[in-house]
2 protein chains.
Amino acid sequence: MSEGSVVVMDGSDPSPDPVDLEDLHVTVGRRLRAASMRYSRSRFSVVEVLAAGGRPLTLPEILAAGHGSGLAQSSAYRNLGELVEVGVVRRVESGYEHSRFELHESLTGHHHHLVCIECGRVDDFEVPDEFEAGIEGLVGEAAARGFRIESHRFDMLGRCSTCQEKV
Amino acid sequence: MSEGSVVVMDGSDPSPDPVDLEDLHVTVGRRLRAASMRYSRSRFSVVEVLAAGGRPLTLPEILAAGHGSGLAQSSAYRNLGELVEVGVVRRVESGYEHSRFELHESLTGHHHHLVCIECGRVDDFEVPDEFEAGIEGLVGEAAARGFRIESHRFDMLGRCSTCQEKV
DNA sequence: CTTTCTGCAAACGATTTGCAGCAGC
DNA sequence: GCTGCTGCAAATCGTTTGCAGAAAG
């Protein structure tokens with residue numbers, strides 16, 4: 001649960017995610033070993049690709065990015081599933097043809113998504129602290145409905161710059 | 001696009017959705033006819049089930065609720081797809097085994113979802129106006145990232161009352 | 001060496017679709 | 001009576017899984 005290398009975003013940095021690769025791999029290796037799993041070459045490659053992507057990627061994107069690594073589709077899916085289980089990867093259902101995968105928030109920091117309703121592309125998006133605080137306030141309201149809230153998901157849907165041009 | 005029977009929620013009513021069935025069917029019939037489609041018995045039944053559900057339902061749930069109507073699975077899917085196209089139904093991807101379907105927000109009012117991470121159940125959830133206002137403020141920020149926002153999606157994830165007991 | 005991975009190919013399962021007969025208007 | 005809708009069964013397609021050989025430690 002506790003993790004020393006959590007990256008805290010301050011909202012003032014517009015660049016993707018300066019996650020330190022060194023730390024990242026150390027942390028991932030630790031989490032895998034804790035589950036008596038190996039940090040194999042293909043798992044390493046998947047993590048590397050996700051870190052470089054800086055946004056949720058589909059399986060085809062992951063395979064293409066790891067070009068030459070010759071990773072089989074089934075292995076990639078299997079790796080992703082395992083990484084999800086040890087809390088290194090998070091699966092993002094975009095509702096388009098493919099699921100998307102990104103590094104877990106414990107590694108990249110809490111954020112939300114900008115989803116293109118045209119091409120399905122998903123970008124990361126951080127919101128002001130006061131907004132997040134407002135969300136916390138809603139948790140109590142949900143409790144009144146019998147729900148015990150663990151997390152939330154906030155997406156803004158629209159058209160990315162590329163797809164706006166196509167109109 | 002414009003529609004006279006849009007239901008506006010004021011956020012003070014905790015009950016599900018007092019959508020008037022009469023109005024609902026009239027509106028749906030109008031939208032279908034506008035697309036030169038018929039308001040067939042099975043489409044009617046699907047709309048009725050969704051209205052009664054008051055929350056996003058899966059296809060199995062829809063078929064079960066319309067018991068006796070003998071609606072074929074493929075027809076239900078086809079009806080739902082058509083209703084989505086004419087703006088009567090909205091598809092909600094829960095990320096669990098089945099997609100879910102609910103009446104379009106133009107018929108039920110804008111709302112969000114409480115999602116049970118255990119059983120996949122989804123309940124409707126309305127947030128205070130000031131919260132929605134805060135969301136609008138984020139649209140401009142997204143624009144700075146090249147995205148033109150059309151809508152948003154906010155889900156709170158947790159465990160429903162039934163699934164809390166199972167622990 | 002032993003245990004855990006990987007690739008391959010087959011299996012799955014939710015959703016979609018072609019087609020011939022039925023229903024709405 | 002047309003035209004559009006429905007059920008049935010087959011096809012899709014992203015994702016999962018069984019298995020035999022290949023790596024990790």
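Order of the sequence lines sets the chain letters (A, B, ...), proteins ahead of strands, with each chain counted from 1.
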*Answer whether the closest heavy-atom distance between the side chains of B:F154 and B:H113 falls below 4.5 Å.*
no

Can you check the [X] [atom1] to [N] [atom2] distance for me, whole Å?
| X | N | atom1 | atom2 | result |
| --- | --- | --- | --- | --- |
| A:L63 | C:dG7 | CG | C1' | 13 Å |
| B:R41 | D:dG7 | CZ | C1' | 15 Å |
| A:N79 | C:dT4 | CG | P | 16 Å |
| B:M37 | C:dC25 | CE | P | 13 Å |
| B:L71 | C:dT15 | CG | P | 15 Å |
| B:Y96 | C:dT15 | OH | P | 15 Å |

*Does a side chain donor of either A:H152 or A:E132 reach within less than 3.5 Å of an acceptor in the other side chain?*
yes

*Would you say the side-chain atoms of B:S106 and B:R31 include a donor-acceptor pair closer than 3.5 Å?*
yes

*asked:* Regarding A:G70, tell me which of base, sugar-phosphate or nothing describes its non-hydrogen contacts under 4.0 Å with the strands shown.
replied: sugar-phosphate

_Aromatic contact between B:F44 and B:H25, with the criterion being ring centroids under 6.0 Å apart: yes or no?_
yes

*Could you pull out all residues at least two apart from A:E48 that satisfy salt bridge (charged side-chain N to carboxylate O under 4.0 Å, His left out)?*
none

*Reading 5' to 3' through nucleotides 13-21 of chain D, protein heavy-atom contacts under 4.0 Å coded B for base, S for sugar-phosphate only, - for none*: -SBBBBB--

*Indicate whether OP1 or OP2 belonging to C:dC5 is found under 4.0 Å from a side-chain N or O atom of A:R43.*
yes

_Basic-acidic side-chain contact under 4.0 Å: A:E61, A:R100_ = yes

